[in-house]
Q: 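Right, I'll just put the structure down here and ask away after.
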Amino acid sequence: SIWWRSNLDSQSARLHQWFAAHRRARLPDDEAIRFEGDKLLRRMLVVAVLAFAALPAFAAAPVFQTPKALLTYIYAGYSTGKFPDDNDVFYSRSLNALFAAAGAATPAGDVGPIDFDVFTNAQDYKLTELKIGAATPEGQGEEVKVSFKNFGEAQTLLYRLVDEDGGWKITDIDCQTPGQEWTLSK
């Protein structure tokens, strides 16, 4: 045990002497300046990457210039699997108010009055043969009929849309599939 300890002390002393002898000489001033510049460049790069990564958090909500643009955007997620974080941007103020009232009246832990995907009239989806019809004027807004097959079952939804805050928003949805009729606002 004593031999081991003295051998370790001897090795430690030799390592210390080697490091002291081979320590890098001080950098000349121009290299020191370049080194400081490299540090600054790295810091700026980190700040730029973080700022770029934060952009989606500050991105404005999408604005849809036509009813078809809104519905195309919604249904694109069913083929890509990428859905927006917040569907509120799709709905009019009046429909969002109905959702908020329903949420407030729902006991904690319960699902609420809408327990399915209103865009597919189902809980699961495998959409085919999607057709977004032409917008037709109706009252203060427009209506658009959307048809598709979900797992081979034909579905038809009638969207009622209004131009609100500079873009088109859904104010109601009527399911027109025979035997499954419903109106979102009721």
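The structure displayed is predicted, hence computed values, not measured ones. What you see below is based on every heavy atom in this structure, not just the backbone, and it leaves out hydrogens, waters and symmetry mates.
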Q: How close do Asn150 and Ala122 get, heavy atom to heavy atom, and via which atoms?
A: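 Scanning both residues, the minimum pair turns out to be ND2-CB, 3.3 Å.
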Q: Start with the C-alpha gap between Glu142 and Trp168, add the side-chain angles, then the distance that decides, and say whether side-chain contact (heavy atoms from CB on, under 4.5 Å) holds.
A: CA-CA 9 Å; Glu142 298 196 3; Trp168 287 91; 3.7 Å; yes
Q: From Lys126 NZ over to Thr120 OG1, what is the distance, rounded to the nearest 0.5 angstrom?
A: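 OG1 of Thr120 is found 14.5 Å from NZ of Lys126.
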Q: Please lay out, stage by stage, how Gln176 and Glu181 fare under the test side-chain contact (heavy atoms from CB on, under 4.5 Å).
A: CA-CA 5 Å; Gln176 297 181 334; Glu181 295 88 356; 5.8 Å; no
Q: Which atom pair, heavy atoms only, marks the closest approach of Gly167 to Val63?
A: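 Taking every non-hydrogen atom into account, CA-CG1, 3.8 Å.
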Q: To the nearest 0.5 Å, how far apart are NZ in Lys149 and OG1 in Thr128?
A: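 Separation between the atoms: 6.5 Å.
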Q: Anything under 30° is parallel, anything over 60° is perpendicular, the rest tilted; go ahead and classify Phe99 against Tyr91.
A: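 Tilted: the ring planes of Phe99 and Tyr91 meet at 30° to 60°.
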Q: Would you name the heavy atoms of Tyr125 and Gly81 that are closest together and state the gap between them?
A: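 Scanning both residues completely, I find the closest heavy atoms to be OH-CA, 4.5 Å.
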Q: Can you name the closest pair of heavy atoms from Val111 and Thr106 and give their distance?
A: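 What the structure gives for the nearest pair is C-CG2, 4.3 Å.
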Q: Spell out, yes or no, whether Phe151 and Leu127 are grouped together once hydrophobic residues are joined by side-chain heavy atoms under 4.5 Å, including indirect joins.
A: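 Different clusters: Phe151 never reaches Leu127 through Ile, Leu, Val, Met, Phe, Trp or Tyr contacts under 4.5 Å.
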Q: Holding to salt bridge (charged side-chain N to carboxylate O under 4.0 Å, His left out), I want the full list of residues that pass it with Glu153, two or more places apart in sequence or in another chain.
A: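 Once residues adjacent in sequence are excluded, Glu153 has no partner under the salt bridge (charged side-chain N to carboxylate O under 4.0 Å, His left out) criterion.
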Q: Specify the closest pair of heavy atoms between Thr171 and Ser94, including all atoms of both residues, with the distance to one decimal.
A: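 Scanning both residues, the minimum pair turns out to be OG1-OG, 3.5 Å.
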Q: For Asp117 and Tyr78, which I'm curious about, is there any donor-acceptor pair between the side chains at under 3.5 Å?
A: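 Short answer, yes.
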Q: Hydrophobic clusters here meaning ILVMFWY residues chained together by side-chain heavy-atom distances under 4.5 Å, can you tell me if Ile170 and Leu158 are in one?
A: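 No: no chain of side-chain contacts under 4.5 Å links Ile170 to Leu158.
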Q: How long is the straight-line distance from CD of Glu143 back to CD1 of Ile173, given to the nearest 0.5 Å?
A: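 It comes to 12.5 Å.
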Q: Between the side chain of Asp110 and the main-chain N/O of Gly112, is any donor-acceptor distance below 3.5 Å?
A: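 No; zero donor-acceptor contacts below 3.5 Å.
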Q: Can we say Lys169 and Glu164 salt-bridge, meaning some charged N sits less than 4.0 Å from an Asp/Glu carboxylate O?
A: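 Salt bridge between Lys169 and Glu164, a charged N being under 4.0 Å from a carboxylate O: no.
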Q: With the 4.5 Å side-chain cut-off for hydrophobic clustering, are Val162 and Ile132 part of the same group?
A: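 As far as the 4.5 Å side-chain criterion goes, Ile132 and Val162 are not connected within one cluster.
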Q: Does one side chain, of Thr183 or Ser185, offer a donor that lies under 3.5 Å from an acceptor on the other?
A: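 The answer is no; no qualifying pair exists.
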Q: Could you list the residues that satisfy side chain to side chain contact (heavy atoms under 4.5 Å, CB included) with Phe116, not counting sequence neighbours?
A: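 Applying side chain to side chain contact (heavy atoms under 4.5 Å, CB included) to Phe116 gives Ile114, Val118, Asn121, Gln123, Trp182.
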Q: Identify the residue among Leu161, Leu71, Ile74 that makes a side chain to side chain contact (heavy atoms under 4.5 Å, CB included) with Phe90.
A: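 Output: one option passes, namely Ile74.
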Q: Using 4.0 Å as the upper bound for N to carboxylate O, is an ion pair formed by Lys186 and Asp172?
A: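 No, Asp172 and Lys186 are not salt-bridged.
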Q: Looking only at heavy atoms, what is the nearest atom pair of Leu130 and Phe148, with distance?
A: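 Of all heavy-atom pairs spanning Leu130 and Phe148, the closest is CA-CB, 3.9 Å.
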Q: Could you check whether any side-chain N or O of Thr177 sits under 3.5 Å from a backbone N or O of Gln180, counting only pairs where one atom can act as donor and the other as acceptor?
A: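 Absent.
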